[in-house]
**Q** 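Can you read through this structure? Questions will come right after.
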Amino acid sequence: MSLIIELVLLSLGTILVNNFVLVQFMGICPFLGVSRKVSTAFGMSMAVTFVMTVASGVTYLLQTYVLNVFHIEYMQTVAFILVIAVLVQFVEMVLEKMMPALYNALGIYLPLITTNCAVLGVAILNITNGYDFIHSVTYGFSGGLSFTLAILLFAGVRERLETADIPEALKGFPIALITAGLIAMAFLGFQGLKF
Amino acid sequence: MSILMPVLVLSIMGILFGILLGVAAKVFRVEKDERIEKIAELLPGANCGGCGYAGCAGFAEAVVRGEAKPNGCPGTKDENIQKIAEIMGVTVKSGPKMVARVLCKGTCDNVSQKCTYDGISDCVASNRYGGGDKACEYSCCGLGSCVSVCRFGAIKIENGVAVIDEEKCTACGMCVKTCPRKVIIILPKDKKTYVACKSKEKGAAMKDICKAGCIGCKLCEKACEYDAISVKDNLAEIDYAKCTDCGACAEKCPKKVINY
């Protein structure tokens, strides 16, 4: 029972207090790139969540049963990037077969998950924080959810910005960046939460 | 040993993942309509975007989906269009062949210079800086923005004016979109007659600026038996619905602005 409570608290902490995008500033590229429409943002975040969850589990196993055993922990970054790249490639193939609509909607952004630093960030943080397998997978999953929350909030605001009366100089990316900054500041409010 | 270990482990990992992906590629192979590939082969493959789709593959897919017509690509040869139509099981009539034409004869000898242009060698850029060195603001800048966008190598700059190779031109319209002064337009290929000038300058002023510019003298209007050419805003304009390509206007033109 205490494990479940611990995992729930870990998830809540990751999603709200230590939000990957808005507090730890990881995964900014897709955060800005795919947040024009809520529907594509949702598809992207689902793909990221899936990859992050699986990547956490696989990289944990890789670290424990390969890198630690052969004492080559220093190859962590290289090995993790390899695993993540393979995973993304795999997800791409599965999506093309099973969900062509989602595959087309994600387009170029799906291969870009390879370079989404939030995915590599989760994998490395799992090891630095000394999590075990269950905690790693939970951390990865909630990391994905924190990305989802951030990008959906942002996409919602950006959809409204499309029709808003914005000064000429701020149209497009400038106002998007200002919005992102404001949302990030709002998320600072969660820092006071204590579990 | 300490160097060998990471090399070995990572190589083995790489090989394993390679095999995994290879198997996955077989298992999750998506059966694509083979007509898409066949049609894509018949297209020019220049990805010019003249059809409105993202490249030739995008157009091929649209044809198979039934969205685009087999003759929707302006760059495809007639025989290939027929083959595409055959693949799709439909018949198409090929429309009149079009070609891009440069409406300017303002070569370095003909048009006078207003300044020396030292800026970026690009028409779009020069137009933001008061328009290059030619005195005529309707002229071809001759800096070759159209040359760089043409995927078919059909345009070259000769003596300061763009010249189009009609054999190579596919009328895709990329140069038309790029030209900042809209000097290039798409015209029917079988009509040889066209007014090679865009200037709306008054006749007297035009005489000073360019030796080969339309001065709006209306001699062509009088020469035409079919009422197909008329002068509007000091510039002769041909109505191709009426033009019979007889060449009478070109003969009368004192400035030899009308091509025939």
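Residue numbers start from 1 in every chain, and the chains themselves are labelled A, B, ... in the order their sequence lines are given, proteins ahead of strands. Keep in mind the model is a prediction, meaning the values are calculated, not measured. Just the heavy atoms: all of them, side chains too, but no hydrogens, waters or symmetry mates, feed the values below.
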**Q** Within a reach of under 6.0 Å around NZ of B:Lys69, are more than 12 heavy atoms found that belong to other residues, nucleotides or ligands?
**A** no

**Q** Heavy-atom cut-off 4.5 Å, strictly under: side chain, backbone, both or neither for A:Val86 against chain B?
**A**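 The answer is both parts of A:Val86.
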
**Q** Please check if atom CZ in A:Phe50 has more than 12 non-hydrogen atoms from other residues, nucleotides or ligands closer than 6.0 Å.
**A**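 Atom CZ in A:Phe50 is not packed in, count stays at 12 or less.
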
**Q** In this structure, are over 12 heavy atoms from other groups packed under 6.0 Å from A:Phe42 atom CZ?
**A** no

**Q** Report, as yes or no, whether the 6.0 Å neighbourhood of atom NZ on B:Lys182 holds more than 12 heavy atoms from other residues, nucleotides or ligands.
**A**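 Enclosed.
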
**Q** Might you confirm whether atom CD1 of A:Ile134 has over 12 heavy atoms from other residues, nucleotides or ligands at distances under 6.0 Å?
**A**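 Counting neighbours around CD1 of A:Ile134, 12 or fewer heavy atoms of other residues, nucleotides or ligands fall under 6.0 Å, so no.
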
**Q** So what's closer than 4.5 Å to chain B heavy atoms on A:Met75: side chain, backbone, both or neither?
**A**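 Side chain only.
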
**Q** Give me the atom names and distance for the closest heavy-atom approach of B:Leu10 to A:Ala79.
**A**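 Answer, listing the atom of B:Leu10 first, then A:Ala79: CD2-CB, 4.0 Å.
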
**Q** What distance do A:Leu95 atom CG and B:Phe28 atom CZ have between them, rounded to the nearest 0.5 Å?
**A**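 Rounded to the nearest 0.5 Å, the CG-CZ separation comes to 10.0 Å.
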
**Q** Taking C-beta and beyond as the side chain, do A:Phe70 and B:Leu8 meet within less than 4.5 Å on heavy atoms?
**A**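 Of all side-chain heavy-atom pairs linking B:Leu8 with A:Phe70, none is under 4.5 Å.
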
**Q** Surrounding CD1 of B:Ile3 (heavy atoms of other residues, nucleotides or ligands, distance under 6.0 Å), is the total greater than 12?
**A**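 No, because the 6.0 Å sphere around CD1 of B:Ile3 holds 12 heavy atoms or fewer from other groups.
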
**Q** Where on A:Leu62 is there a heavy atom nearer than 4.5 Å to chain B: the side chain, the backbone, both, or neither?
**A**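 Just its side chain gets close to chain B.
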
**Q** For a quick test of reading the model, state the closest non-hydrogen atom pair linking A:Phe90 to B:Leu21 and the distance between them.
**A**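 Minimum heavy-atom separation between A:Phe90 and B:Leu21: N-CD2, 4.0 Å.
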
**Q** Decide if atom CD of B:Glu166 counts as having more than 12 heavy atoms of other residues, nucleotides or ligands within a radius under 6.0 Å.
**A**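 Above 12, so yes.
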
**Q** How about CZ on A:Phe141, more than 12 heavy atoms from neighbouring residues, nucleotides or ligands closer than 6.0 Å, or not?
**A** no

**Q** If the cut-off is 3.5 angstrom, what donor-acceptor pairs do you find between chain B and chain A?
**A**
{"from": "B:Arg29", "atom 1": "O", "to": "A:Lys97", "atom 2": "NZ", "distance (Å)": "3.2"}

**Q** With sequence neighbours left out, write down each residue that passes ring-ring contact (aromatic ring centres under 6.0 Å, His included) with B:Tyr138, or none if nothing qualifies.
**A**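 So B:Tyr138 forms no ring-ring contact (aromatic ring centres under 6.0 Å, His included) with any residue.
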
